[in-house]
Amino acid sequence: LTGITTDLGLGFARLLTIQKTDVIYSRELRLTYLRLGTISSFVFGSALGALLFIKFQYEGFFVCGLISLYGAWIGRKEKHEAHKLEAFEP
């Protein structure tokens, strides 16, 4: 997370110095949101994992595993559908 946090700080600095009409601004804004989302997900997941461990001990890790499996399934499904669409483009 230290690298992402550094990149987030640099991204904020770039956003303050780049003109909003510049093409780079929209790209940097998307990257900043992505970095914020990554850091927020890590913090939320860590807190949820700690609470689940307090409540359910080691069985709480099954919830984290199920969430990961669901994410992998959704990602695979989206990738499969994207490839199916690419095959029919002229």
Side-chain angles (χ1 to χ4, degrees):
L1 277 180
T2 57
I4 293 175
T5 307
T6 302
D7 292 343
L8 181 64
L10 291 171
F12 281 140
R14 285 188 198 118
L15 287 175
L16 293 173
T17 58
I18 296 174
Q19 297 293 326
K20 289 186 179 182
T21 57
D22 198 351
V23 176
I24 299 171
Y25 182 83
S26 62
R27 180 177 181 270
E28 192 61 45
L29 187 62
R30 281 186 283 134
L31 287 172
T32 300
Y33 281 130
L34 178 66
R35 292 173 188 130
L36 276 173
T38 302
I39 293 170
S40 300
S41 297
F42 183 82
V43 170
F44 176 72
S46 299
L48 180 64
L51 292 173
L52 287 172
F53 184 78
I54 290 170
K55 179 79 173 165
F56 300 109
Q57 299 298 318
Y58 287 104
E59 287 83 14
F61 290 128
F62 286 116
V63 174
C64 299
L66 290 174
I67 291 171
S68 296
L69 286 173
Y70 177 73
W73 180 70
I74 291 295
R76 186 169 193 259
K77 182 179 166 185
E78 292 293 325
K79 182 179 178 183
H80 178 70
E81 289 177 7
H83 285 294
K84 202 171 16 173
L85 291 174
E86 287 177 4
F88 293 109
E89 289 183 12

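Source: prediction; values computed, not measured. The basis for the numbers below is simple: all heavy atoms, side chains too, and nothing from hydrogens, waters or symmetry mates.
- Linking Ile, Leu, Val, Met, Phe, Trp and Tyr whenever their side-chain heavy atoms come within less than 4.5 Å leaves V43 and L48 in two separate clusters.
- To the nearest 0.5 Å, atoms SG (C64) and CG (L69) are separated by 11.5 Å.
- The distance from the CG atom of L31 to the CG atom of L8 is 11.0 Å, given to the nearest 0.5 Å.
- Heavy atoms from other residues, nucleotides or ligands lying under 6.0 Å from CD of Q57 number more than 12.
- The side-chain hydrogen bond (donor to acceptor under 3.5 Å, both in side chains) contacts involving residues 35-44 comprise E28-R35, where partners must be two or more places apart or lie in separate chains.
- A single hydrophobic cluster is seen to contain both Y25 and Y33, as judged by linkage of ILVMFWY side chains at heavy-atom distances under 4.5 Å, directly or through other members.
- Hydrophobic cluster membership for Y58: F53, F61 (Ile, Leu, Val, Met, Phe, Trp, Tyr linked by side-chain heavy atoms under 4.5 Å, directly or transitively).
- By the neighbour-count criterion of 12 heavy atoms within 6.0 Å, atom CD1 of I39 is densely surrounded, having more than that number from other residues, nucleotides or ligands.
- Distance check, rounded to the nearest 0.5 Å: CG of L29 to CZ of F12 gives 9.5 Å.
- Under a hydrophobic-cluster definition in which Ile, Leu, Val, Met, Phe, Trp and Tyr are linked whenever side-chain heavy atoms come within less than 4.5 Å, directly or via other members, L15 and L10 are assigned to different clusters.
- Clustering ILVMFWY residues whenever any of their side-chain heavy atoms sit less than 4.5 angstrom apart, transitively, puts L36 in a cluster other than the one holding L34.
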